[in-house]
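Okay, structure first, notes after.
Note that ligands are numbered from 1 as they come in the structure, with each ligand's atoms numbered from 1 the same way. Note that the coordinates shown come from a computational prediction; the quantities given were computed from them, not determined experimentally.
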Amino acid sequence: MDKPKVVLGVSGGIAAYKACELLRRFTESGHEVRVVPTASALHFVGAATWSALSGNPVSTEVWDDVHEVPHVRIGQHADLVVVAPATADMLAKAAHGLADDLLTNTLLTARCPVVFAPAMHTEMWEHPATQENVATLRRRGAVVVEPAVGRLTGVDTGKGRLPDPGEIFEVCRRVLARGVREPDLAGRHVVVSAGGTREPLDPVRFLGNRSSGKQGYALARTAAARGARVTLLSANPSLPDPAGVDVVRVGTAVELREAVLRAAADADAVVMAAAVADFRPAAYATGKIKKKDGQEPAPIALVRNPDILAEISGNRSRPEQVVVGFAAETDDVLANGRAKLKRKGCDLLVVNEVGERKTFGAEENEAVVLAADGSETPVPYGPKEDLAETVWDLVAARLA
Ligand code: CTP
């Protein structure tokens, strides 16, 4: 099979150095990459670096190798164009169809999916001109990854950082896998809970579970690649933040409930992938619980936690909101799943059989998605991202 052809556009921001890492991810995983920097990008990272890392010639100009008509050919042959970092100037040019160098010409001739990963100072990102350009690009089908929040060049901190190159790569990989299809969650806000809640006993101990958060993170990542605004309510996983996703950290079931209710207020879909503790210790000891010589340990009294999935299913903030739950079952998987779907009142329930191979923390999963309308969608054993894509297919069909 031919290697997928990727055009990596680099515009002139200090984050250009991070695009070297993105480039390596592509080449090391079997992609053919043509780097097209702007003239300003070359102030930050020189052509020799791009050329050596990609194994391909590098040019910013439409006037080089004119006989090969590069300003048309590069875009026409690409399977994916990703611009990282995309400056405010680059977003403006792309939104208005300006074409004064090789990269902007490539963007006009590309018929493949296009991903922009903006990076700039917070003020520039928040400026109405930039926001309107981003909205225009998204409306036309481009995936614009939200910048991360954190330290910017200089002393200031805020929204505008280029997300981690490994996470931009994951977005690109998902977009490439989907091919030329509309980002069908563009304009949608989706909320995903992930991980496992921790219910504290004292300042050093908690009741928890083995959920790794990988399925929820796969859901967040795939939704972002399909154009959604994603709020990820993350209960304790130790995973890197997915690119372009708003991550809200929570600890306990009660904190998760508050975060879900807040985020769900304007959400088109809520997916409860988190493993929520059904019970929490009735009392929290403010000092460390000590063992006492000659005394048996005191039993731990528990109280019920709120059932978040049942609550949001029964109280939708918008009538068309789609609510998805997860269930891990060991016996009578489908019958128990159907009963749970009814009891919780959600639209879709992803039922996993728990057993050998199908363990917490694995990279792969197998499931059946049960729907309130009676349909069943089996998802064969495979990457958690494949299951996530099936969930979004079903959600998108319900939102359409
Ligand atoms: N869930 C929730 N709030 C809880 C418990 C679970 O929102 N307090 C959600 C989970 O995020 C998941 C779904 O409900 O989407 C199924 O969780 P599960 O624990 O399997 O359901 P239970 O009703 O607790 O059923 P069981 O008696 O099998 O534990």
For this session: Consider every N or O of G325 and every N or O of ligand 1, then say whether any pair is closer than 3.5 Å.
Result: no
Problem set entry | Shortest protein contact, atom 13 (C) of ligand 1 (heavy atom only) | F326 O, 2.9 Å
Exercise. So, E329 and K340, do they make that salt bridge, N to O below 4.0 Å?
Worked result: yes
Exercise. Counting both backbone and side chain atoms, is some N or O of P306 under 3.5 Å from an N or O of ligand 1?
Worked result: yes
Exercise. Under 3.5 Å between some N or O of ligand 1 and some N or O of A275?
Worked result: no
Exercise. Considering only the protein, which heavy-atom contact is closest to atom 27 (O) of ligand 1, and what is its distance?
Worked result: R343 NH2, 4.5 Å
For this session: Compute whether any side-chain donor of one residue and acceptor of the other, for S375 and D373, lie under 3.5 angstrom apart.
Result: yes
Exercise. Between the side chains of N133 and T130, is a donor N or O closer than 3.5 angstrom to an acceptor N or O?
Worked result: no
Exercise. Around E28, counting heavy atoms of other residues, nucleotides and ligands shown, do more than 12 lie under 6.0 Å from its CD?
Worked result: yes
For this session: Begin with the C-alpha distance, continue with both residues' side-chain angles, and end with the deciding distance and a verdict on side-chain contact (heavy atoms from CB on, under 4.5 Å) for R229 and R188.
Result: CA-CA 6 Å; R229 175 159 78 86; R188 304 290 188 183; over 6 Å; no
Exercise. Judged by non-hydrogen atoms, does K344 sit under 4.0 Å from ligand 1?
Worked result: yes
Exercise. So, S234 versus Y217: side-chain donor-acceptor pair below 3.5 Å or not?
Worked result: yes
Problem set entry | Contact with ligand 1 for A253, non-hydrogen, under 4.0 angstrom | no
Exercise. Hey, is ligand 1 close enough to K340 that some N/O pair sits below 3.5 Å?
Worked result: yes
Problem set entry | Proximal atoms of ligand 1 relative to A274 (non-hydrogen, under 4.0 Å) | 10 (C), 11 (O)
For this session: Look only at interatomic distance and state if L309 has a nitrogen or oxygen under 3.5 Å from any nitrogen or oxygen of ligand 1.
Result: yes
Problem set entry | Nearest-0.5 Å distance that lies between atom CG in L176 and atom SG in C112 | 8.5 Å
Seminar exercise, completed: Taking only non-hydrogen atoms of D307 and a 4.0 Å limit, the atoms of ligand 1 in range are 2 (C), 3 (N), 4 (C), 7 (O), 8 (N)
Problem set entry | For L91, the option from M120, M124, E132, Q131 that meets side chain to side chain contact (heavy atoms under 4.5 Å, CB included) | M120
For this session: Flag I308 as yes when one of its N or O atoms lies below 3.5 Å from any N or O atom of ligand 1, and as no otherwise.
Result: yes
Exercise. For ligand 1, which atoms have a heavy atom of M272 less than 4.0 angstrom away?
Worked result: 7 (O), 11 (O), 12 (C), 15 (O)
For this session: Would you tell me whether D268 and Q321 have side-chain atoms, one donor and one acceptor, within less than 3.5 Å of each other?
Result: no
For this session: Using distance alone, decide if ligand 1 has a nitrogen or oxygen within less than 3.5 Å of any nitrogen or oxygen in A328.
Result: no
Exercise. Has ligand 1 got any nitrogen or oxygen that is less than 3.5 angstrom from a nitrogen or oxygen of D278?
Worked result: yes
Exercise. Quick one: do the N56 and E32 side chains pair a donor with an acceptor below 3.5 Å?
Worked result: yes
